[in-house]
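I have placed the structure first, in the form of structure tokens, so that the comments after it can refer back to it.
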Amino acid sequence: MSNTQDRRSFLAGVLASPWLAGAFRKSASAEEIRQRPTLDIHAHLFGLGDADTGCRISEAITDGKAFRILMEALYLRVPGMTVDERYEEVLVGQVKGSGLTKAAVLGQDAVYDRHGKVDWDRTSFYVPNDYIFIVAARHSEIMIPCPSINPNRADAIEELVRCREKGARLLKIHPPTQGVDVADLKHTKFFRCCSELDMIVLVHTGHEHSAPVIDKNLAAPHRLELALEQGCTVVACHAGTGWISDSPDQLPEFVSLLKRYPKLWGDTAVLGTAQRVRDVERLLENKELVCSRLLHGSDFPFPAAPGAFAARIGEAAANHIAAEANFLKRDFDLKEALGIGRVSAERGYELVLGGSTVRCSATSSAPAINPCGIILGRRSKRRNR
Ligand SMILES: [Zn+2]
């Protein structure tokens, strides 16, 4: 046998060996892991309404210190651009530099009176669904739309169907600022339709500190049971967390619901902030039940404070992460250091977009009938209030 043949047969033998095959499998799976797509399930689109976006924001928010700090930190006032245009530009830059594949951009519906009519006086901020769809369609490679539907609105089910038709896979409800009790039995049909349409329902839970609250008790996790009982996949935003000074303590309710409802998830939005350290520690205590059900969310534009977690992740790591200028990346890196980063973001992507080809369009092309029995198509071109 020649030297060349020797080498060939040696190589053939090595290539056929189970050890090398295993090694190739390992490196392929490591590559696969690196390429698994990730989602930030909770990034806010805000606006002042200065670019015909339809957004509104109350003086109670714009007069606040947090608003002024964010305007400066994100350089939202630049010559030649409206704040709404600039915010969109900043958000796009943040998502692209975050290391995440996509972000769900959240709308915010208004408050409605008992007749289902919009109540602007009690609405602290508003981001119309049509604006969400327009922005998400403009950046469909990095964004998906998460419209907001207050079930109290007279046309809640029609709006749900309209949003589903336009490609939304998830919607957001913010009970304490929208003044809606998601446990009210009058919303049974709404949630049944969400379930039939396979629309994931995000609901704010826990204590709210960034906008005026109508009733903090509306954020109690136990109120999610009505939607869960209708078969909905529900994401408890913020996982029922709060500050040490907040009362009542709503986190145990969220954990207790996780045991009973396999279609309940929690998102990690705002959990990177200093005041939530205690509750993050409590969530991390229960890896098997709780951590396996967390989905990555940033709550952009509210920035993470890695220094507050130095005792857990180490001072050097905290300082390194805190030096990151990109808010989304800083938050994602902190969550990764806490063990609820990439894996939670992959889980979120899989839950929302896995296996489906979700289209997102700014215009609607509707089928005639949906599972909830609503006749579609006639109102699809109207503006969303
Ligand atoms: Zn939020």
Side-chain angles (χ1 to χ4, degrees), residues 39-47 55-58 60-61 64 66-67 69-70 74 87 90-91 94-95 98 100 103-111 123-129 131-132 135-136 143-150 170-180 182 200-214 216 218-219 221 224 234-243 246 250-251 254 265-276 279-280 294-305 327-328 330-332 334-335 340 344-345 348 352:
L39 177 71
D40 175 349
I41 202 169
H42 192 135
H44 286 279
L45 188 61
F46 282 121
C55 294
R56 294 175 179 227
I57 195 158
S58 70
I61 294 176
F67 180 83
I69 292 171
L70 284 175
L74 293 169
Y87 187 96
V90 169
L91 179 56
Q94 293 267 329
V95 179
S98 67
L100 289 146
V105 289
L106 274 50
Q108 172 78 10
D109 203 354
V111 177
T123 300
S124 56
F125 70 106
Y126 174 69
V127 182
N129 291 342
Y131 182 48
I132 289 291
V135 172
M143 290 182 189
I144 60 166
C146 177
S148 175
I149 303 172
N150 182 335
L170 63 179
L171 67 90
K172 171 87 187 284
I173 305 171
H174 200 300
T177 61
Q178 291 172 334
V180 53
V182 291
I200 298 168
V201 182
L202 274 68
V203 184
H204 172 101
T205 58
H207 292 273
E208 168 66 47
H209 290 277
S210 305
V213 166
I214 291 172
K216 66 179 179 181
L218 295 174
L224 303 178
V234 177
V235 179
C237 301
H238 321 296
T241 59
W243 298 3
D246 287 329
Q250 296 180 334
L251 187 144
F254 165 68
W265 306 82
D267 84 17
T268 61
V270 94
L271 297 192
T273 52
Q275 297 87 349
R276 310 257 169 179
D279 276 359
V280 169
L294 292 179
L295 312 175
H296 175 71
S298 60
D299 217 8
F300 180 85
F302 304 106
F327 280 20
L328 285 181
R330 188 192 306 170
D331 177 76
F332 191 35
L334 172 60
K335 306 275 176 60
I340 49 173
S344 304
V352 180

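Note that ligands are numbered from 1 as they come in the structure, with each ligand's atoms numbered from 1 the same way. Here the structure is a predicted model, which is why all the values come from computation and not from measurement.
- In this model, no donor atom of one side chain and acceptor atom of the other lie less than 3.5 Å apart for Ser298 and Gln94.
- Relative orientation of the Phe125 and His174 rings is perpendicular, given thresholds of 30° and 60° on the angle between their planes.
- For the Zn ion (ligand 1), the nearby protein N/O/S atoms, meaning those under 2.8 Å, are His42 NE2, His44 NE2, Asp299 OD1.
- When all heavy atoms are compared, the tightest approach of Val111 to Ile214 is CG2-CD1, 3.8 Å.
- The backbone N or O of His238 sits less than 3.5 Å from a side-chain atom of Asp267, completing a donor-acceptor pair.
- Between the OG atom of Ser344 and the NZ atom of Lys335 there is a distance of 8.5 Å, given to the nearest 0.5 Å.
- Taken from CG in Asp40 to CZ in Phe300, the straight-line distance is 10.0 Å, to the nearest 0.5 Å.
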